[in-house]
2 protein chains.
Amino acid sequence: MSLRHAILVLLQDQEASGYDLAREFANSIGLVWNATHQQIYLELGKLNEKDMVKFRHIPQDGKPDKKMYRITEEGRDELIRWLRKPAAPPRIRDAFMVKIAGGALSDPSSILRELEDQADLRRERLTTFEDLARKLDDRNGDKDMYTYLTLRRGILDQQAWLNWAEEVRSELRRREDLTTSV
Amino acid sequence: MSLRHAILVLLQDQEASGYDLAREFANSIGLVWNATHQQIYLELGKLNEKDMVKFRHIPQDGKPDKKMYRITEEGRDELIRWLRKPAAPPRIRDAFMVKIAGGALSDPSSILRELEDQADLRRERLTTFEDLARKLDDRNGDKDMYTYLTLRRGILDQQAWLNWAEEVRSELRRREDLTTSV
DNA sequence: TATTGCAGCGCAATCCGTTGAATAAGTAGT
DNA sequence: ACTACTTATTCAACGGATTGCGCTGCAATA
C-alpha cells in the first residue's frame, strides 16, 4: 500500500500535477513502482482529504485546468514515519516465468520466440537506464546518489535477466542436440 | 490474472489438494508467483465452476476431509491457450526501492540497517535455490530442465541483488568520507 | 478534412488481494 | 496438562487495482 509513499517521494522535490506524476511513474520511479494515471488521481484525492498534500488550481487557456500538488507537513511526517518501519519484501508475480516453469507443455521454439521478445524489452530498458546513469555519473548531491543507486539496481537487474536468457538458449540448444541425435 | 494458470501448471503433474498447492506456492512456484492459501482456495472454486478442474472428496480419519483436484481437458485447453499468447511484463512494486529512491530523507545508517536485513533474506533464498539446483544437476527430463531454469532465474536474481547491495555500501561509505572530511 | 496524439482530469464497476478469523482433530514438545 | 504446530478448508470485510469509459481542446499529420 505504498503508491502513496511513492507519490510523496516525488512531491518532495517539486510541485507537480497528476499528469506530471503519471509521466514520472512511466519513467523514473516506474523502475521500482508501477502505477497508472487513474490510480494516481485517485490516490491524490485521498492524500488531499488527509491533508498530506494540497493543491492550487492553475487555469490554463486552451488546455484544461490543472491542479498542482505539493506535499504538506503532515505528508512529510507520514513519509518519514513510513521510511522508518521495515518494508515488506516485494511479492513476485511474473507471468512469463510461470510459462517457463510450465514449459514442458509448450514447444521450445515458441518459448524461444517469446524469450527474444522479452529480451528486446530488457535490452531497451538497459540502454535507457545506462544513459540516465551516465548523465548522473558526477553524482554529487545526496539526491543524485540515490537516483543513481536506483538506476544501478535497474541495470544490474536487466543484466541478470539477459544472462539468464543466454543460459536458457544454450540449455534449449543442448536439449535439441540430444533429441535430434537419437 | 494468472494465479489461475500457475495452479493449472502445478496440477498438470499431479492431483493435489488446496493445501498441497499452498505449500508448493510457498516453495517452488513461489519463486515466480506468490499466493496465499485463501487466494488458492478461492481460485480453485472458480476453476471448478468453469470445469477447468474437478475434485474428489477424500474422507480422512483424524484429519479433516480433503479435496483432491485434478485438471480437466478444458483446463488443459485454457492453459495451452494462455501459453500461446504473450505475457505482459511483470509490474514492479518494490517498497524498499521506493525508500532508496527517496533516500535523501532518511539517514544513511538506517538505510544500511534495512539493507542488511534485506540482504539476509536474499542470501537465505540464494542458498536454498542453489541447494535445489544442485539436486537437479543431472537434469534429464524436460520437466527437470524447466524447473532448473526457473531456479537459475532465482539464483541470478539474488546474486544481482547482492552485488547491488555491495555497491550501495561502498557509495554510502564514500559519501560518509566526503562529509566527514569537510 | 479526418485522424491521431498529447495534455489533463475524472467516474463507475468489477475484480483481485489481503487480513483476520473460525472450525476441527491429531501430534509433538515442555 | 498446556502450548504450539500441522493438516485442511472456508467465510467475511475491506481496500487496492484494473478496465473501460467519458469529457475538453489544441497541434500536427496524412
Side-chain angles (χ1 to χ4, degrees), chain A residues 1-8 10 15-27 29-30 33-50 52-69 82 87-95 98, chain B residues 1-7 10 15-27 29-30 33-50 53-69 82 87-95 98:
Chain A
M1 90 98 132
S2 49
L3 167 58
R4 163 163 309 174
H5 305 102
I7 289 174
L8 291 175
L10 288 175
E15 198 183 27
S17 68
Y19 193 84
D20 294 335
L21 292 171
R23 245 190 296 104
E24 292 196 69
F25 269 94
N27 304 325
I29 304 290
W33 197 280
N34 293 150
T36 61
H37 77 272
Q38 292 94 331
Q39 268 184 81
I40 291 163
Y41 285 123
L42 200 73
E43 192 60 42
L44 281 172
K46 287 182 198 168
L47 283 168
N48 185 50
E49 271 173 32
K50 301 198 175 192
M52 293 180 185
V53 300
K54 60 184 177 187
F55 66 90
R56 49 197 188 103
H57 249 289
I58 309 281
Q60 298 186 118
D61 44 326
K63 298 172 195 173
D65 296 358
K66 62 172 157 179
K67 295 177 176 177
M68 290 297 277
Y69 288 88
W82 178 75
R91 36 193 153 5
I92 301 158
R93 264 156 208 194
D94 193 327
V98 173
Chain B
M1 87 97 129
S2 47
L3 168 59
R4 163 164 311 177
H5 305 101
I7 290 173
L10 288 175
E15 198 184 26
S17 68
Y19 193 85
D20 294 335
L21 291 172
R23 248 191 293 103
E24 292 197 68
F25 268 93
N27 304 324
I29 303 289
W33 198 278
N34 292 149
T36 60
H37 74 273
Q38 292 93 331
Q39 267 182 81
I40 291 162
Y41 284 119
L42 200 73
E43 192 60 41
L44 282 171
K46 288 182 197 167
L47 283 168
N48 184 51
E49 272 174 30
K50 300 197 175 191
V53 299
K54 60 183 177 188
F55 65 90
R56 47 194 191 106
H57 249 289
I58 310 282
Q60 298 186 119
D61 46 324
K63 298 174 195 173
D65 296 0
K66 61 173 159 178
K67 295 176 176 178
M68 291 296 277
Y69 288 89
W82 178 75
R91 36 190 161 8
I92 300 158
R93 262 157 209 193
D94 192 327
V98 173

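Worth saying up front: this structure is predicted, and the values here are computed from it rather than measured.
Take the nearest nucleotide of DNA chain D for Arg23(B) and for Asn34(A): the residue whose nucleotide is more 5' is Arg23(B).
When distances are taken from the side chain of Lys67(B) to each of dC6(C), dT10(D), dG17(C), the shortest belongs to dT10(D). Distances from the side chain of Tyr41(B) to the nucleotides dC16(C), dT10(D), dC9(C) place dT10(D) closest. With dG8(C), dT6(D), dG17(C) as the candidates, the nucleotide lying closest to the side chain of Tyr19(B) is dT6(D). Here dG8(C) is the nucleotide among dG8(C), dT9(D), dC16(C) with the atom lying nearest to any side-chain atom of Lys66(A).
Contact annotation: Lys46(B) side-chain N/O to dC16(C) OP1/OP2 distance is under 4.0 Å. Contact annotation: Arg4(B) does not reach the phosphate of dC16(C) (side-chain N/O to OP1 or OP2, under 4.0 Å). Contact annotation: Ser17(B) reaches the phosphate of dT9(D) (side-chain N/O to OP1 or OP2, under 4.0 Å). The phosphate of dG16(D) has neither OP1 nor OP2 within less than 4.0 Å of any side-chain N or O from Arg93(B).
Taking the six-membered ring where tryptophan is involved, the planes of Trp82(A) and His5(A) are essentially parallel, since the angle between them stays under 30° and well short of 60°.
Here the OH atom belonging to Tyr41(A) is positioned 8.5 Å from the CG atom belonging to Leu21(A), to the nearest 0.5 angstrom. Here CD of Glu24(A) is found 9.5 Å from CD1 of Ile40(A). Values are rounded to the nearest 0.5 Å.
A straight line from OH of Tyr69(A) to P of dG10(C) spans 5 Å, rounded to a whole angstrom. Separating the CZ atom of Phe55(B) from the P atom of dT9(D) is a distance of 10 Å, rounded to the nearest angstrom. Remark: P of dC16(C) and CD1 of Ile7(B) are 12 Å apart, rounded to the nearest angstrom. Here dC9(C) presents its P atom at 10 Å from CD1 of Ile58(A), a figure rounded to the nearest Å. Whole-Å rounding puts the Leu3(B) CG to dG17(C) P distance at 6 Å. Between the P atom of dT14(C) and the CD atom of Gln39(A) lies a distance of 19 Å, rounded to the nearest Å. As rounded to whole Å, 12 Å separates atom P of dA8(D) from atom CG of Leu21(B).
The base of dG20(C) sits with one of its N or O atoms less than 3.5 Å from a complementary donor or acceptor on the side chain of Gln38(B). Between the side chain of His37(B) and the base of dT10(D) there is at least one donor-acceptor pair of N/O atoms closer than 3.5 Å.
Residues Pro90(B) and Arg93(A) form no side-chain contact, since every pair of their non-hydrogen atoms from C-beta on lies 4.5 Å or further apart. In this structure, Leu42(A) and Gln38(A) have side chains that are not in contact, with every pair of non-hydrogen atoms separated by 4.5 Å or more.
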